[in-house]
Protein chains: 2
Amino acid sequence: MVDLESGKSGDRRAEILALATDAFLTHGYSGTSMADLAGAVGIRKASLYHHFPSKHDLFVACVSEGFLGALKRLEDIRDDPNLSDPDRIRAAMEEIYRVNTTTVVGRMAPLIAEVAPRIPEVARAFYDGFIARHYGLLTGMIEDGIARGCFLPVDAVALRQLIIGPVVFMQMEREITATFADGEALVPIRRIRESHISMVLQLLTGATPAFGDVAKD
Amino acid sequence: MVDLESGKSGDRRAEILALATDAFLTHGYSGTSMADLAGAVGIRKASLYHHFPSKHDLFVACVSEGFLGALKRLEDIRDDPNLSDPDRIRAAMEEIYRVNTTTVVGRMAPLIAEVAPRIPEVARAFYDGFIARHYGLLTGMIEDGIARGCFLPVDAVALRQLIIGPVVFMQMEREITATFADGEALVPIRRIRESHISMVLQLLTGATPAFGDVAKD
DNA sequence: GTCTATAACGAGATAGAC
DNA sequence: GTCTATCTCGTTATAGAC
């Protein structure tokens with residue numbers, strides 16, 4: 001992340017972006033003040049305005065630059081010739097789980113939904129650059145498998161919703177229950193992930209997996 | 001909605017709650033000011049404080065009273081002796097779609113996720129009173145069907161996520177794309193709903209539905 | 001129960017020294 | 001590039017008349 005030439009400049013900007021993204025995700029757009037952000041970075045509020053002309057611009061940068069590169073691995077999975085069609089879907093779903101549960105990008109959808117009426121430009125960028133491209137990649141993998149005769153002729157549009165929807169919702173549940181003492185136990189994501197993948201593959205191939213054979217986590 | 005006895009008292013409170021709920025859902029908690037709300041109701045800002053002691057209390061009332069009664073129809077479906085197990089799941093899913101797409105309650109999850117760090121009491125109330133009870137009802141229906149031999153021994157916890165997740169996510173997409181000129185076409189909820197229900201029933205019964213036989217919407 | 005008026009505070013943003 | 005100091009405005013909330 002550090003600029004190789006100077007090792008200094010551009011560093012602060014990236015640091016601010018990372019901290020701001022996390023703050024926006026946690027407290028929402030209106031719930032995050034420039035003073036809060038400055039405090040997190042360790043500088044004064046006025047200094048933030050040296051790096052970004054306004055809160056609005058800072059937010060737009062967080063979102064637009066936040067999902068850059070998040071689809072790279074998914075594209076690699078789509079183009080990997082060594083994967084069978086079911087293995088490709090499995091790998092794609094594991095990647096989607098990884099991005100949504102371990103990076104900030106996957107947590108952005110609820111935030112964007114909140115600011116969409118006031119900052120439509122960011123909603124458009126997020127939908128076109130992240131959601132729609134996810135859809136394109138997933139339906140592509142599904143339809144290729146169908147064309148090759150490896151998958152049943154399922155409704156690819158509906159199935160992509162069945163793939164992404166539960167992941168996003170579970171991450172949202174995690175945030176809702178994060179303050180609970182028993183929060184972790186309420187949403188056993190890793191166990192559900194295995195069943196989720198099995199079910200999607202079953203819909204695609206018609207094969208019935210061994211239902212008792214679920215990861216214990 | 002009008003109080004039958006007086007036609008006056010208690011009415012304002014309900015009116016404020018309804019308008020405030022909608023505003024909170026659209027603009028978030030911090031994004032909604034008491035002045036905005038007063039304007040929507042048609043009274044002055046100070047008059048709001050006659051009905052609710054603070055913005056915090058107003059918000060808590062919106063959420064806590066918002067999901068009251070939202071589970072009634074789902075409980076009726078669970079207890080309806082005239083429904084077969086597959087028809088029960090179908091009816092429950094249609095009800096979940098209805099609540100999420102046509103009432104304010106279903107849109108609450110992202111809002112709660114935003115305020116959860118600051119207002120944990122409301123997160124707890126929403127999770128216990130709405131999400132967890134949905135889960136209880138759904139897993140109950142699924143496990144009853146399994147016990148009766150009508151359903152395959154699926155992972156009920158994972159399947160309930162496959163039922164609810166896509167619905168919540170699609171509603172969130174709707175809000176993200178609401179400002180787009182082509183927003184409606186991007187998320188064809190009604191068409192996807194039919195495929196979604198078919199897929200869940202396929203997972204439960206093992207029966208392969210006619211895939212071409214999808215509602216045109 | 002609603003109003004006008006105002007207090008008390010925090011927000012985003014700017015000016016200018018260093 | 002960061003600082004102190006400040007401007008201006010919007011925010012929650014209260015006081016007290018009607």
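To find a chain, count down the sequence lines: A is the first, B the second, and so on, and within it residues start at 1. Since the model is a prediction, treat every value here as computed from it, not as a measurement.
- The CE atom of A:Met34 sits 14 Å away from the P atom of D:dC3 (whole-angstrom rounding).
- Note on B:Arg44: every side-chain N or O is 4.0 Å or more away from OP1 and OP2 of C:dA5.
- At the phosphate of D:dT12, neither OP1 nor OP2 sits under 4.0 Å from any side-chain N or O atom of B:His56.
- One finds no side-chain N or O of A:His50 lying less than 4.0 angstrom from the OP1 or OP2 phosphate oxygen of C:dT14.
- In this model, the phosphate group of C:dA11 is approached by a side-chain N or O of A:Ser33 to a distance below 4.0 Å at OP1 or OP2.
- For B:Ile43 and C:dC3, the CD1 to C1' distance is 11 Å, given to the nearest whole Å.
- Between the A:Arg78 side chain and the A:Leu137 main chain, no donor and acceptor come within less than 3.5 Å of each other.
- Within the 4.0 angstrom heavy-atom criterion, no nucleotide atom of any strand lies near B:Ser30.
- Between the C1' atom of D:dT2 and the CZ atom of A:Arg13 lies a distance of 18 Å, rounded to the nearest Å.
- The separation between A:Asp36 atom CG and C:dC9 atom P is 18 Å, rounded to whole Å.
- Between the side chain of A:Ser195 and the backbone N or O of A:Ile192, no donor-acceptor pair lies under 3.5 Å.
- A salt bridge links B:Glu15 to B:Arg12: one of the charged nitrogens lies within less than 4.0 Å of a carboxylate oxygen.
- In this structure, A:Glu175 and B:Pro117 have side chains that are not in contact, with every pair of non-hydrogen atoms separated by 4.5 Å or more.
- A:Asp57 is linked by a side-chain contact (heavy atoms from CB on, under 4.5 Å) to A:Pro53, A:Ser54, counting only residues two or more places apart in sequence or in another chain.
- Between A:Ser47 and the phosphate of D:dG1, there is no side-chain N or O to OP1/OP2 separation shorter than 4.0 Å.
- Across the protein-nucleic acid pair, A:Asp11 atom CG and D:dT2 atom C1' stand 16 Å apart, rounded to whole Å.
- D:dG10 atom C1' lies 15 Å from atom CG of B:Leu37, rounded to whole Å.
- When rounded to the nearest whole Å, the span between CZ of A:Arg12 and C1' of D:dC3 equals 13 Å.
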Set out, line by line, the N/O atom pairs under 3.5 Å between protein and nucleotides 14-18 of chain D.
none

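- Taking the six-membered ring for Trp and the full ring otherwise, the centers of B:Tyr29 and B:Phe24 sit less than 6.0 Å from each other.
- We find that B:Lys72 and B:Glu95 are not joined by a salt bridge, their nearest charged nitrogen and carboxylate oxygen being 4.0 Å or further apart.
- The distance between atom CG of B:Leu58 and atom P of D:dA13, rounded to the nearest whole Å, is 10 Å.
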